[in-house]
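Numbers here simply count residues along the sequence, with the first being 1.
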Amino acid sequence: MYFIAGLGNPGLKYKNTRHNAGFQALDILARRHGIKLKSTKFDAHAGQGMIGGEKVMLIRPTTFMNNSGYAVDGILNYYNADLSRLIVMYDDIDIPFGALRIREKGSAGTHNGMRSVIGYTGSGDFPRIRIGIGKPEGNLIGHVLGKFEKEKRDEAQELFSRAADACESIVLEGVARAQAKFNK
């Protein structure tokens, strides 16, 4: 089974913010594949289903971003899952708005949610999809926790849809093929 985590912050205050790009891509996957997310004892909403012929569990932590690893690691440990079966989707200011970057493994970079996941799991040896939200012109926190400008909202939805496509590609074709398709 693949474990697919979308990172973000819970609550209406953060809905549709740049920092919730991982949540938004995960929600698209859930809708496409008819996967219902329910509360778990691991501080996450999660649900199982299928992508193609592969069994998956979608995970949306209900902790705040900086403690995302608690929920992800709790579920992985419960299922005794190999870290290579984890895929994490999250926003990244170091990627231009509208671009995606798939990596097979790596560090957290400047992302606190990824720092938490790596800290709890003890390794960065898992695939990730970095969703480009671009660098701010001014205040970093205001940019990350802000909503997309009206003129960028349609493009942002397209970006989240492509992130979901990239995730499906990793599950069905492997990381190398997904990178060739989506890392432009």
Side-chain angles (χ1 to χ4, degrees), residues 1-12 14-92 100-109 111-131 133 159-172 174-175 178:
M1 177 162 50
Y2 279 94
F3 295 82
I4 303 167
L7 303 187
N9 282 316
L12 290 175
Y14 300 103
K15 188 177 169 123
N16 298 320
T17 62
R18 290 178 187 88
H19 216 25
N20 278 20
F23 276 10
Q24 300 211 41
L26 190 83
D27 289 345
I28 290 170
L29 279 175
R31 280 192 304 275
R32 280 184 189 170
H33 300 284
I35 300 171
K36 302 262 188 263
L37 303 180
K38 299 176 184 168
S39 291
T40 70
K41 63 182 177 181
F42 302 105
D43 288 331
H45 291 131
Q48 291 185 38
M50 301 292 285
I51 293 179
E54 293 286 340
K55 191 172 185 180
V56 299
M57 175 173 283
L58 304 184
I59 305 166
R60 186 184 331 130
T62 55
T63 59
F64 281 89
M65 179 69 82
N66 295 356
N67 204 25
S68 298
Y70 175 80
V72 172
D73 190 53
I75 290 173
L76 292 176
N77 284 331
Y78 180 81
Y79 285 93
N80 197 27
D82 187 83
L83 206 51
S84 67
R85 302 297 280 185
L86 172 65
I87 301 168
V88 179
M89 299 185 291
Y90 62 99
D91 65 289
D92 196 320
L100 296 175
R101 293 288 183 277
I102 299 170
R103 295 287 177 256
E104 189 168 11
K105 58 185 176 180
S107 71
H111 200 279
N112 289 332
M114 281 299 287
R115 193 169 292 136
S116 174
V117 172
I118 290 170
Y120 273 96
T121 62
S123 174
D125 293 345
F126 55 86
R128 73 273 322 264
I129 300 168
R130 298 163 61 197
I131 303 169
I133 62 167
L159 174 62
F160 306 143
S161 184
R162 281 190 296 114
D165 295 344
C167 189
E168 291 165 343
S169 181
I170 292 171
V171 168
L172 299 173
V175 175

request  = Apply side-chain contact (heavy atoms from CB on, under 4.5 Å) to the pair C167 and I129, showing each step before the final yes or no.
outcome  = CA-CA 7 Å; C167 189; I129 300 168; 3.7 Å; yes

Please report the shortest heavy-atom distance between [X] and [Y], naming the atom on each side.
{"X": "I118", "Y": "A108", "value": "CD1-N, 3.6 Å"}
{"X": "P61", "Y": "G6", "value": "CD-O, 3.3 Å"}
{"X": "A44", "Y": "I75", "value": "CB-CD1, 4.1 Å"}
{"X": "A25", "Y": "F160", "value": "CB-O, 3.8 Å"}
{"X": "V72", "Y": "A5", "value": "CG2-CB, 3.9 Å"}
{"X": "A166", "Y": "L100", "value": "CB-CD1, 4.3 Å"}

Should [X] and [Y] count as side-chain neighbours, where that means a heavy-atom distance under 4.5 Å?
{"X": "M114", "Y": "V88", "value": "yes"}
{"X": "T40", "Y": "H45", "value": "no"}
{"X": "F126", "Y": "V117", "value": "yes"}
{"X": "Q24", "Y": "N16", "value": "yes"}

ring-ring contact (aromatic ring centres under 6.0 Å, His included) involving H19 - partner list, sequence neighbours excluded = H111

request  = Check ring-ring contact (aromatic ring centres under 6.0 Å, His included) between Y2 and all other residues, then give those that pass, not counting sequence neighbours.
outcome  = none

Rounded distance (nearest 0.5 Å) linking atom [atom1] of [X] with atom [atom2] of [Y]:
{"X": "N66", "Y": "N112", "atom1": "CG", "atom2": "CG", "value": "4.5 Å"}
{"X": "R31", "Y": "L26", "atom1": "CZ", "atom2": "CG", "value": "10.0 Å"}
{"X": "L37", "Y": "F23", "atom1": "CG", "atom2": "CZ", "value": "10.0 Å"}
{"X": "I59", "Y": "L86", "atom1": "CD1", "atom2": "CG", "value": "6.5 Å"}

message = Please evaluate residues I131 and Y90 with respect to the criterion side-chain contact (heavy atoms from CB on, under 4.5 Å), reporting the C-alpha separation (whole Å), side-chain torsions for both, the decisive distance (0.1 Å), and the verdict.
response = CA-CA 6 Å; I131 303 169; Y90 62 99; over 6 Å; no

request  = List the steps and the verdict of side-chain contact (heavy atoms from CB on, under 4.5 Å) for L7 and M89.
outcome  = CA-CA 6 Å; L7 303 187; M89 299 185 291; over 6 Å; no

inquiry  = Among residues at least two apart in sequence or on other chains, which ones pass side chain to side chain donor-acceptor pair (under 3.5 Å) with D27?
reply    = R60

Side chain to side chain donor-acceptor pair (under 3.5 Å) partners of D43, counting only residues at least two apart = none

query = Would D73 and N77 count as having a side-chain donor-acceptor pair, cut-off 3.5 Å?
reply = yes

key: Reference residue D92; test salt bridge (Lys or Arg N to Asp or Glu O under 4.0 Å); the match among R130, R101, R18, R128   = R130

ask   = Distance-only, no hydrogens or angles: does the N20 side chain make a donor-acceptor pair with backbone N or O of Y14 under 3.5 Å?
value = yes

ask   = Counting N and O atoms only, with roles assigned by atom type, does the side chain of N9 sit under 3.5 Å from a partner on the main chain of M65, one being a donor and the other an acceptor?
value = yes

Test side-chain contact (heavy atoms from CB on, under 4.5 Å) applied to K55 and M50, step by step = CA-CA 5 Å; K55 191 172 185 180; M50 301 292 285; 3.9 Å; yes

key: Where at least one partner belongs to residues 78-88, residue pairs that pass salt bridge (Lys or Arg N to Asp or Glu O under 4.0 Å), sequence neighbours excluded   = E54-R85

remark   = salt bridge (charged side-chain N to carboxylate O under 4.0 Å, His left out) filter on D165, not counting sequence neighbours, yields R32

request  = Return yes when atom OH of Y70 has more than 12 non-hydrogen atoms of other residues, nucleotides or ligands closer than 6.0 Å, and no otherwise.
outcome  = no

key: Residue among L29, I87, I4 satisfying side chain to side chain contact (heavy atoms under 4.5 Å, CB included) with V56   = I4

